[in-house]
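Beneath this line is the structure, given in structure tokens, with notes to follow.
None of the values given here were measured: they were computed from a predicted structure. Chain identifiers are assigned alphabetically (A, B, ...) following the order of the sequence lines, protein sequences preceding nucleic acid strands; residue numbering begins at 1 within each chain.
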Number of protein chains: 2
Amino acid sequence: MMVSTKGRYALTVMVDLAKLSDGGFVSLSDIAEREHLSMKYLESIISILNKGGMLQSLRGKNGGYRLARDPADYNISEILLLTEGTLAPVNCIMQDGVQCEKAATCSTLPLWAGLDYVIDKYLSTITLQDIITGNRKKMLGDYCDHCDSDQ
Amino acid sequence: MMVSTKGRYALTVMVDLAKLSDGGFVSLSDIAEREHLSMKYLESIISILNKGGMLQSLRGKNGGYRLARDPADYNISEILLLTEGTLAPVNCIMQDGVQCEKAATCSTLPLWAGLDYVIDKYLSTITLQDIITGNRKKMLGDYCDHCDSDQ
DNA sequence: AATAAATCCTACCACCAAGGTAGGAATATG
DNA sequence: CATATTCCTACCTTGGTGGTAGGATTTATT
């Protein structure tokens with residue numbers, strides 16, 4: 001499993017906020033209730049999103065969270081990258097400039113690098129807006145054999 | 001991390017055998033030594049490959065393993081699927097016909113399904129032969145800006 | 001027949017990330 | 001002042017990862 005509940009719930013929170021983005025702040029308890037998720041656990045996840053600049057927050061009564069930007073300006077890759085730390089499918093992919101010592105002669109490395117590239121390319125193309133509008137053709141590509149024709 | 005050492009080492013073993021495929025049997029200790037991996041650990045991994053029909057084995061002195069088919073007839077997806085169990089990037093992807101109960105109304109599911117499809121499409125296109133010939137253009141795609149022109 | 005070299009089989013184990021839970025401090029509203 | 005909220009720190013359980021250990025079985029060589 002490449003993406004844990006942390007990343008998945010983070011995306012769920014972002015989508016929830018994007019759907020209700022009328023400019024007001026939404027409380028965490030509202031989100032947790034709507035999505036049927038533990039509020040305490042969401043707390044630790046939304047904290048990452050907030051510190052990462054993905055959200056704006058307001059403390060105190062009637063406080064809550066809202067998106068910092070337009071839904072179309074978030075790509076899925078940055079959301080998952082922030083919460084998961086990495087999206088690399090294997091741990092032999094170079095990270096922070098550090099690569100495997102056998103990299104120069106490893107014959108399987110190009111495969112993993114290619115896989116990593118394919119994943120990141122896909123996730124950085126899809127936006128939050130695509131998700132809330134249900135852009136199936138963009139998300140499912142040629143796997144989508146019964147998409148609406150206008151997407 | 002989607003692919004653990006189990007799957008990675010399994011691929012390394014398959015590539016090692018493919019490179020030396022002159023029809024003879026190769027002992028596990030030879031492979032372990034060449035690849036600098038624990039022989040005991042490889043034992044448990046190669047056992048999965050063997051039982052899954054990927055290899056042929058010969059017991060006793062001068063015994064060992066060899067590929068059951070031509071390197072071009074193995075795609076990477078089947079090798080990793082056998083050893084990892086699943087390649088799904090999240091655990092909410094339908095497996096063995098069982099899907100999440102919220103699937104019908106989940107707005108993030110198409111994203112995960114699309115990601116799963118993209119990953120499987122990539123891995124099932126690449127063959128063992130591609131790896132041993134170093135087919136960088138096929139593995140790295142448009143990320144490969146300095147591939148040999150004949151590939 | 002003995003020995004060595006190999007696969008095969010079962011059991012065990014340490015570590016760490018995942019997936020939370022708990023409790024309280026700080027802050028804002030009415 | 002009471003209430004609702006974010007914010008912060010600490011803790012905990014469980015299962016998978018990444019192995020290790022020891023022996024039984026099979027085959028080739030001498």
Going by the angle between their ring planes, with limits at 30° and 60°, are A:Tyr9 and A:Tyr41 parallel, tilted or perpendicular?
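Perpendicular.
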How many whole angstroms separate atom [atom1] of [X] from atom [atom2] of [N]?
{"X": "A:Phe25", "N": "C:dT27", "atom1": "CZ", "atom2": "C1'", "answer": "14 Å"}
{"X": "A:Met2", "N": "C:dA17", "atom1": "CE", "atom2": "C1'", "answer": "17 Å"}
{"X": "B:Gln56", "N": "C:dC8", "atom1": "CD", "atom2": "P", "answer": "12 Å"}
{"X": "A:Met39", "N": "C:dG23", "atom1": "CE", "atom2": "P", "answer": "15 Å"}
{"X": "B:Lys51", "N": "C:dT7", "atom1": "NZ", "atom2": "P", "answer": "15 Å"}

Is there a donor-acceptor pair under 3.5 Å between the side chain of [X] and the backbone N or O of [Y]?
{"X": "B:Tyr143", "Y": "A:Ala113", "result": "no"}
{"X": "B:Tyr122", "Y": "B:Met139", "result": "yes"}
{"X": "B:Lys138", "Y": "B:Ile131", "result": "no"}
{"X": "B:Arg66", "Y": "B:Phe25", "result": "no"}

Would a hydrophobic clustering, with Ile, Leu, Val, Met, Phe, Trp and Tyr connected at side-chain separations under 4.5 Å, put A:Val13 with A:Leu58?
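No.
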Please determine if a side-chain N or O atom of B:Asn50 lies less than 4.0 Å away from the OP1 or OP2 oxygen of C:dT7.
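For C:dT7, neither OP1 nor OP2 has a side-chain N or O of B:Asn50 closer than 4.0 Å.
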With a cut-off of less than 4.0 Å, is there a side-chain N or O of A:Ser38 near OP1 or OP2 of C:dG20?
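It does not, given that no N or O in the side chain of A:Ser38 lies less than 4.0 Å from OP1 or OP2 of C:dG20.
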Intermediate values then yes/no, side-chain contact (heavy atoms from CB on, under 4.5 Å), A:Ser77 and A:Leu87:
CA-CA 8 Å; A:Ser77 176; A:Leu87 292 176; 4.3 Å; yes
More than 12 heavy atoms from other groups under 6.0 Å of CD on B:Glu33
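No, CD of B:Glu33 has 12 or fewer neighbouring heavy atoms, counting only those of other groups under 6.0 Å.
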Find which nucleotide of DNA chain D each of A:Glu43 and B:Lys6 is nearest to by heavy atoms, and output the residue with the more 5' nucleotide.
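Whichever sits nearer the 5' end wins; that is A:Glu43.
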Taking B:Arg69 first and then B:Glu78, would you say they form a salt bridge - that is, a charged N and a carboxylate O separated by under 4.0 Å?
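Salt bridge: yes.
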For B:Tyr9, which contact category applies under a 4.0 Å heavy-atom criterion: base, sugar-phosphate, or nothing?
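Answer is sugar-phosphate: B:Tyr9 comes under 4.0 Å of backbone atoms only.
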Please list, for nucleotides 2-6 of chain C, all pairs of protein and nucleotide N/O atoms separated by less than 3.5 Å.
none

Identify the 5'-most and 3'-most nucleotides of DNA chain D with at least one atom closer than 4.0 Å to a non-hydrogen atom of chain A.
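Extent of the interface on DNA chain D: D:dT3 to D:dC8.
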